[in-house]
Amino acid sequence: MVSASAAWAIPAFDEVRADFKPSDTVILSREGEVLQRLRTDTTVRRGQWVPLADVSPALRTALVLSEDKRFFEHSGVDWRAASAAAWGNLWNQRTRGASTISMQLAGLLDGDWRQGPGGRTVVQKLGQTVAAQVLDRRWRKDQILEAYLNLVPFRSEIVGIDALSRTLFGKAAHGLDDREAAVAAALVRAPNARPALVAQRACGVLRDMQATSGARPAQRATPARVDCDALDLFTTAALQRRAFDASEGVAPHFARYLLRQRFKDGAVPERVPSTLRAPLQRFAVQSLQQHLRELRGRNVEDGAVLVLDNATGAVLAWVGSSGQLSQASEVDGVLALRQPGSTLKPFLYAQAIAERRLTAASLVEDSPAQITTGSGLYIPQNYDRQFKGWVSVRTALAASLNVPAVRTLVMVTPDAFHRQLGTVGLPLRESGDYFGYSLALGSPEVPLLHLTNAFRTLANGGRTSAAAFSDVAKPRFSPALDARAAFIVSDILSDGNARARTFGTDSVLATRFWSAVKTGTSKDMRDNWAVGWSERYTVGVWVGNASGAAMHDVSGTSGAAPIWSAVMGFLHAREPSRAPKAPVGLARTAVRYGPVAPQPGRPDPRGGGQPLEAARDEWFVQGTQQALFAIDSVASSAYPSSASGQNNPKKSASDAAASPAGLPPRITAPAQGTIIALDPDIPPARQRLQFTATGNAVQWRLDGKTLGRGPRVAWLPWPGRHVVQLTDAQGKVLDEIRIEVRGAGAVAPAPRGSAD
């Protein structure tokens, strides 16, 4: 009675179809297009549900001939086959089993009827027989066959015809030919049999198919006579193939991240909508791969691209790696921690402007600097080893000059800037003191996701919100930067003339629509960045190597910037981008610049008393504006520097160039016993140590060899202990100090810098 009542509890076809769960999850774009298929169930390999109309006619024929020749004639139980099987068992004769497709499907739908290791019990056989008849009465024959093909185990973990056809034959179920259909039908009978036995059974199925009067000659894969030896080779090869990849599509890294974030409990649905735009995602993948191919020979194989919607924070494109071009394609470059280089400078200058320490027109000095740290001297330099002298903040930021940025951080302090980075969504594991002044040049490590979203803060007038992976009606914004400072920084980074000092007037950073962008290069060309925004979008690009290996001659404009420009151009092919409107509290004032006043030991780099920069209109936070900017003198304690004697630590190198009356010339920098740590982020050949002294008619010797003349000389340092001497014209030693230079790996790491 129990078995009979259970047999009547057969679910409807629509219920079975609705309960079917593939082992894969598909990620959909906002247009509804499949972007990525990702395996999420490791216990079984099950593809999509395949309608019977999409199954190869050859397979339908092969399955019926192999498993249930009178499938379309009986009502769930083949009594003729059952009688033959019973008679064979009585006389110990081997006959084909009497289990019909309907009976097998009943067993698949209800575990009570499945065959155990010792075979089915009498009760199970009775229940299965009743269930098959109920099934045949309630379902149509095409529904029974369709459900069977999708639920039947074929081999090992493979369940259903979609997984089988894609795994063993590398094609969809509708494309199976007679030979492949015969192998598939043979696997139903013995899913885990040896290849030779599967081939033998497939050969018999193929003979039956060709002998059937309804066979379709045009679809036959083999001649009338079956070549079983060839079929054996084919079967063996097919059973070894695994063409059904665990992941397939154009957004694998995004798919994994999305599922981790949204379905932490493990209950992953079959189809997951996302915010990605399918055409944009494909273009970003193509642009990254194409540009990396163009950089072939420069030791760069990895990259990442991220596109965010400014208003909502929606992720519109997420490319985690260069795919086949990479030796570490599973590493997600959007999430990987890398040094951001000069891309942190906009936030530093925004903080200094908001705190009224600087304005966009303020003059800062781009000249050699030596800053005392706990590990020795920190000597920031520009990547081209050239110094521009006095420049405005607008020029310093747009042209990405390193020394002015470090001097700005001296004003702001590393700890305060560290807190500001956390506010814009760049929390750092170590403190500001840990990084020291190298924080201005991007020495910490941050992921592209956080960095791009931080730039989105600038695009939104200083307001920040989290990136979104599903459409949200209204993001939650919070203030992170002064809106006036954010606007000024945006204006600077969109100014092609201001960046011309470094990038030229017609660089790849220039777009035909309004945009602002910042590049960055760090760690001996280990990481290269371009992050910028338009009115509606923020785009971040990183290129480098997942292994951390240095690239060869790849800069901000040759590495990430061309990809950034291409993606921005795609986004704005038919969409305008307008400059942002100035917020309340800003004033636009005409400014002009005077020449540099003569300084002892510092000739005017422009000569002839020319203005430092051209006159222009400039944006100011209300109350900070002024009309004239000039340098009349340099304060002796303008910047902390170790270019001072031990007896007067605040005396600058320029003020010490002339010896006080009656006193002999003396070395003023470095101090006696100074330990200098080479900066590991700047190529050794590009580093210089400045020696300064009082007096003009002096000569320098290093380790007994002539080094130079005058109150200031630059030296290319190399590791070791050195003796520095100051002599007069006759060679008499006037002063002497001993210093030590250590390689970056010889001591605790000094604060690190970066360059564009």
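From a predicted model like this one, the values you see are computed outputs, not experimental measurements.
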Looking at every non-hydrogen atom in both residues, tell me the closest pair between [X] and [Y] and how far apart they are.
X      : Y      : answer
Ala486 : Gly461 : CB-C, 3.9 Å
Leu509 : Thr519 : CD2-CG2, 3.8 Å
Phe487 : Pro580 : CE1-O, 3.5 Å
Ala546 : Asp302 : N-OD2, 2.7 Å
Ala350 : Leu481 : CB-CD2, 4.2 Å
Thr275 : Ala468 : OG1-O, 3.8 Å

Within the side chain of [X], is there an N or O that forms a donor-acceptor pair under 3.5 Å with the backbone of [Y]?
X      : Y      : answer
Ser329 : Leu325 : no
Arg499 : Leu493 : yes
Tyr349 : Arg394 : no
Thr457 : Ala454 : yes
Asn150 : Val50  : yes
Asn310 : Arg536 : yes
His291 : Gly559 : yes
Asn545 : Ser547 : no
Glu180 : Asp177 : yes
Ser438 : Phe435 : yes

Point to revise | Val319: which of Gln281, His253, Gln289 passes side chain to side chain contact (heavy atoms under 4.5 Å, CB included) | key: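 Between Val319 and the candidates, side chain to side chain contact (heavy atoms under 4.5 Å, CB included) is satisfied uniquely by Gln281.
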Review point. Would Val16 and Trp49 satisfy side chain to side chain contact (heavy atoms under 4.5 Å, CB included), going step by step from the backbone distance to the final call?
Key: CA-CA 11 Å; Val16 173; Trp49 182 280; 4.3 Å; yes
Check your understanding: Could you walk me through whether Arg456 and Ser465 pass the side chain to side chain contact (heavy atoms under 4.5 Å, CB included) check?
Key -> CA-CA 9 Å; Arg456 180 174 153 260; Ser465 70; 2.6 Å; yes
Gap between atom [atom2] of [Y] and atom [atom1] of [X] - 0.5 Å precision:
X      : Y      : atom1 : atom2 : value
Leu35  : Ser29  : CG    : OG    : 4.5 Å
His572 : Glu535 : NE2   : CD    : 8.0 Å
Trp529 : Gln339 : CH2   : CD    : 9.5 Å
Leu451 : Leu344 : CG    : CG    : 6.5 Å
Tyr257 : Trp318 : OH    : CH2   : 5.5 Å
Ser515 : Tyr537 : OG    : OH    : 14.0 Å

With heavy-atom distances below 4.5 Å as the criterion, would you say the side chains of [X] and [Y] are in contact?
X      : Y      : answer
Leu308 : Val315 : yes
Leu168 : Leu239 : yes
Leu421 : His450 : no
Leu187 : Ile158 : no
Val541 : Val567 : no
Thr423 : Thr464 : no
Phe169 : Val183 : yes
Ser342 : Asn402 : yes

Exercise for review: State which residues pass salt bridge (charged side-chain N to carboxylate O under 4.0 Å, His left out) with Arg241; sequence neighbours excluded, sorted by chain then number.
Suggested key: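 Salt bridge (charged side-chain N to carboxylate O under 4.0 Å, His left out) list for Arg241, sorted by chain: empty.
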Check your understanding: With sequence neighbours excluded, what pairs up with Arg429 under the salt bridge (charged side-chain N to carboxylate O under 4.0 Å, His left out) test?
Key ->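 For Arg429, the residues satisfying salt bridge (charged side-chain N to carboxylate O under 4.0 Å, His left out) (neighbours in sequence not counted) are Glu445.
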Practice item. Take His418 and Tyr434, measure what ring pair (Phe, Tyr, Trp, His ring centres under 6.0 Å) needs, and give me the verdict at the end. Key: CA-CA 10 Å; His418 182 277; Tyr434 175 87; 10.0 Å; no
**Study point:** Criterion ring pair (Phe, Tyr, Trp, His ring centres under 6.0 Å) on Phe347 and Phe455, from CA distance to verdict
**Key:** CA-CA 9 Å; Phe347 307 104; Phe455 269 75; 5.3 Å; yes
Can you list every pair that meets salt bridge (charged side-chain N to carboxylate O under 4.0 Å, His left out) and has a residue in [range], with sequence neighbours left out?
range            : value
residues 29-45   : Asp24-Arg37, Asp24-Arg45, Arg30-Asp471, Glu33-Arg282, Arg37-Glu248, Arg39-Glu157
residues 457-467 : none
residues 547-556 : none

**Study point:** Thr25/Thr40 under side-chain hydrogen bond (donor to acceptor under 3.5 Å, both in side chains): CA gap, chis, key distance, verdict
**Key:** CA-CA 6 Å; Thr25 294; Thr40 51; 3.2 Å; yes
**Study point:** CA sep, side-chain torsions, deciding dist, call: Ser247, Gln36, side-chain hydrogen bond (donor to acceptor under 3.5 Å, both in side chains)
**Key:** CA-CA 7 Å; Ser247 182; Gln36 188 70 35; 2.6 Å; yes
Check your understanding: Counting only heavy atoms not in Gln261, do more than 12 fall under 6.0 Å of its CD?
Key ->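 Counting other residues, nucleotides and ligands, CD of Gln261 exceeds 12 neighbours.
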**Study point:** Set of residues satisfying side-chain contact (heavy atoms from CB on, under 4.5 Å) with respect to Pro22, sequence neighbours excluded
**Key:**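 Once residues adjacent in sequence are excluded, the partners of Pro22 under the side-chain contact (heavy atoms from CB on, under 4.5 Å) criterion are Phe20, Gln48, Glu270.
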Exercise for review: Output, in order, the C-alpha distance, side-chain angles, deciding distance and verdict of side chain to side chain contact (heavy atoms under 4.5 Å, CB included) for Val489 and Leu397.
Suggested key: CA-CA 8 Å; Val489 167; Leu397 173 56; 4.1 Å; yes
Point to revise | Identified side-chain hydrogen bond (donor to acceptor under 3.5 Å, both in side chains) counterpart of Thr521 within the set Asn528, Asp527, Thr343 | key: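 Considering Asn528, Asp527, Thr343, a side-chain hydrogen bond (donor to acceptor under 3.5 Å, both in side chains) with Thr521 is found only for Asn528.
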Practice item. Could you check Ile488 against Ile492 for side chain to side chain contact (heavy atoms under 4.5 Å, CB included), going step by step and ending with a plain yes or no? Key: CA-CA 6 Å; Ile488 293 173; Ile492 293 173; 4.1 Å; yes
